[in-house]
Amino acid sequence: MIQDMIPNLPWLFLLLPLIVAAIDWLCFSKSPRTAATLSILSALATFGMTVAYLCGWETGTPGTYTWMPVTDGTSLTMGLLMDPMAMRMMLVVTGIGLLVHIFSIGYMSGDPSNKSRYFAGLSIFMFSMTCIVMADNLAMTFIGWEMVGFSSYLLIGHWFHKDSAADAAKKAFITNRVGDFGFLIGIVLTLAAFGTLKFSDMGGLATGMAPALLTAIILCLFCGAIGKSAQFPLHVWLPDAMEGPTPVSALIHAATMVAAGVYMMVRLQISMGSEAFTPVASYAIAIIGAITAVLAALMAIQQNDIKRILAYSTLSQLGYMIMAVGLLAGEAAMFHLYTHAWFKALLFLGAGAIIVRCHHEQDIWRMGGLAKRMPLTTLCFLMGTFALIAVPGFSGFFSKEAILDAALAANMPEFFWIGAGVAALTTFYMLRLCIVTFCGKGRGHGAQTASEAGPSMVLPLLALAIMAIISGYGFLADLLVPFGGFHAHEFEIGLPFYVSMGALLIGIILAFAIYAFSKRDTDPLSGNALSTALRNRLYIDVFYDKVLIAGIQQNIARIIETIDEMLIRGLLAQGLAWLTARIGILLSWIQNGALRGYAFVSGLGLVIILFLAFYMLSF
């Protein structure tokens, strides 16, 4: 019995957080401390198991279970993939998940909402993300994909009494369904073309297939990444998702969930082979990533909400990763995913600490002077910022250089210069955030009375700050980047380095020139049409709301309603009912119980029969 159980211990990665979520929800809804403790212990256990597996602890091959038959000899299965890529990605998920759980203790301490439901939602998310990372086939990946959407809906809308949070949860859920529809079509096409959905069985099968079919398969599967990784044109849900608690933003919308699309696409590159990614599909993927990176960076320049600035930064960095996927540089994409997870989680949790200590103020222009009042949080936030803007020596520098190198190696200079331009924009808007938030004097009551956060919030920040500095170096990256056989390239001084330093200096000079010496309590760049357009997200959301939803969708709904009322309900349903009723009334005149009436009808029928018989015989 024990020998049968040991190989299946890896299933605890999935079952443990799911069981804890059910217990928290059903048994401890009135005991938030117990629910929080169970969720933290679950996250700690899965993190410990991940570290143990990375250190060489093995229990054998976990069992694979048949879910349902599809065709003769083909069935959908449930199995776990525990290769280096999956287990290293699990370290990112469980490591950041554990820190977010701990941070949430301090962040949610004074919150009047149901904290048991909150921690149950975190555990459901951990289960869902684990299902994506460790799935050994596309069908199981899709299950985790949808469960991540469900758990994000719960967590974004945790404060459901706020209309903005409820609307943001619905927007995220529905927008992702658009991308998931294309993803599902891609899974069906994959099964039809490859005859399998199992990643380990796809190798070499793309050779000889029609390029048009492969392009359709890859682009349909990429639709799932467009939705989950918030790429243009389905990027609109991610900034609104900041309505949820800030630890949720760090866990779902910066570090793990939005990275699922990148992870899935790189997994497909490894499984199907690069030959499956045709030039048309690859270029389309790279273009979408580049557009997202540029648009999000431009929008971030004029955002005033500290969480929205970081949200658009996440969009832009995800664009970098997707662009690398399109350049067939999956190694560089996963390197940046790995470093970005640590420093972006640091930035979001740092923002959460600032928001809590400033009495839930989120407008950076109502802050100021926080470097004196929150020195440790400020230091950690700056470490994350330096990693994000690719200051040499910090983790983001190494991974961003890898993407720029990949663009040059692919002989696509347009993507190289787009990456460099986005780097300059990133430096500008992040230094704008830091100067306005931490320097000068406090402009709002919250900033004037702020103080350092408690240990449950500061300790996760310190751990993430260390990773933001060292995670890009080869001695650690070679062991932890979620890519089999990853090897960090040695630092070289060349065109990418000079261009990166130029972009960094341009961003620094512009940010300090505009904001460091400004005495205004509002943005000096505001008040013109361009800044207004950027602040309003280039009116893309307005276009969706007014044209696609209020215009096209609602007008189509009205036409369908008219057809339903007049044709289906009026003519077919009510019309047939009316006709049946009238026939019944007519027959009721005949079937009246009078013997003379029956004799008359019988005689009339006999006359008609004789007439018809005589008429037919005459021919």
Side-chain angles (χ1 to χ4, degrees), residues 5 8-50 62-63 65 67 78 80 90 93-94 96-135 140 142-162 165-166 168-170 172-173 176-177 241 243-253 256-257 260 456:
M5 291 176 61
N8 286 311
L9 279 179
W11 284 97
L12 283 176
F13 281 107
L14 277 175
L15 297 179
L16 188 59
L18 182 62
I19 292 171
V20 167
I23 293 174
D24 283 352
W25 208 306
L26 299 175
C27 302
F28 296 113
S29 60
K30 303 298 183 182
S31 303
R33 288 188 178 181
T34 305
T37 301
L38 285 176
S39 290
I40 292 173
L41 290 176
S42 170
L44 180 61
T46 52
F47 175 73
M49 289 175 60
T50 302
Y65 303 96
W67 179 21
M78 305 285 282
L80 300 181
M90 279 300 297
V93 173
T94 58
I96 292 177
L98 175 61
L99 293 175
V100 168
H101 277 72
I102 296 172
F103 185 90
S104 296
I105 297 174
Y107 187 89
M108 300 294 289
S109 61
D111 194 278
S113 63
N114 188 332
K115 288 184 278 293
S116 296
R117 176 166 52 84
Y118 170 81
F119 281 98
L122 290 182
S123 294
I124 292 175
F125 174 82
M126 295 295 287
F127 157 76
S128 307
M129 195 65 204
T130 301
C131 188
I132 291 176
V133 172
M134 299 185 69
M140 188 172 171
F142 189 74
I143 295 173
W145 206 264
E146 295 305 296
M147 285 300 300
V148 163
F150 169 69
S151 57
S152 67
Y153 172 81
L154 294 178
L155 291 169
I156 295 169
H158 176 71
W159 292 321
F160 58 85
H161 58 279
K162 291 171 54 180
K170 290 185 289 186
F173 191 81
N176 272 275
R177 296 291 74 70
E243 290 293 338
T246 305
V248 170
S249 304
L251 179 64
I252 300 181
H253 309 295
T256 50
M257 172 183 167
S456 64

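Worth saying up front: this structure is predicted, and the values here are computed from it rather than measured.
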According to side-chain contact (heavy atoms from CB on, under 4.5 Å), who are the partners of [X], at least two apart in sequence or on a separate chain?
X: Ser128; answer: Ile124, Met147, Val148, Ser151
X: Ile102; answer: Leu98, Pro460
X: Phe28; answer: Ile23, Asp24, Ser31, Thr34, Ala35, Leu38
X: Lys162; answer: Trp159, Ser164, Ala165, Glu243

Point-to-point distance, once rounded to the nearest 0.5 Å, from [atom1] of [X] to [atom2] of [Y]:
X: Lys115; Y: Tyr107; atom1: NZ; atom2: OH; answer: 13.0 Å
X: Asn176; Y: Phe150; atom1: CG; atom2: CZ; answer: 14.5 Å
X: Cys131; Y: Met78; atom1: SG; atom2: CE; answer: 6.0 Å
X: Thr37; Y: Leu44; atom1: OG1; atom2: CG; answer: 12.0 Å
X: Ser104; Y: Leu99; atom1: OG; atom2: CG; answer: 10.5 Å
X: Leu12; Y: Thr130; atom1: CG; atom2: OG1; answer: 11.5 Å

Which heavy-atom pair separates [X] from [Y] by the least distance, and what is that distance?
X: Ser116; Y: Ser29; result: OG-O, 3.5 Å
X: Ile132; Y: Gly144; result: CG1-C, 3.5 Å
X: His101; Y: Phe119; result: O-CE2, 3.9 Å

Just so I know, are the side chains of [X] and [Y] near enough to count as touching, which here means a heavy-atom distance under 4.5 Å?
X: Ser123; Y: Val20; answer: yes
X: Met108; Y: Ser113; answer: yes
X: Phe103; Y: Val100; answer: no
X: Leu14; Y: Met140; answer: yes
X: Leu155; Y: Pro245; answer: no
X: Lys170; Y: Tyr153; answer: yes

> In chain order, what residues pass the ring pair (Phe, Tyr, Trp, His ring centres under 6.0 Å) check against Tyr118, with sequence neighbours excluded?
Replying inline: His158

> Sequence neighbours excluded, which residues qualify as salt bridge (Lys or Arg N to Asp or Glu O under 4.0 Å) partners of Arg177?
Replying inline: Glu146, Asp180

> Between Thr94 and Thr46, does a side chain to side chain donor-acceptor pair (under 3.5 Å) hold up when you go through it step by step?
Replying inline: CA-CA 6 Å; Thr94 58; Thr46 52; 5.3 Å; no

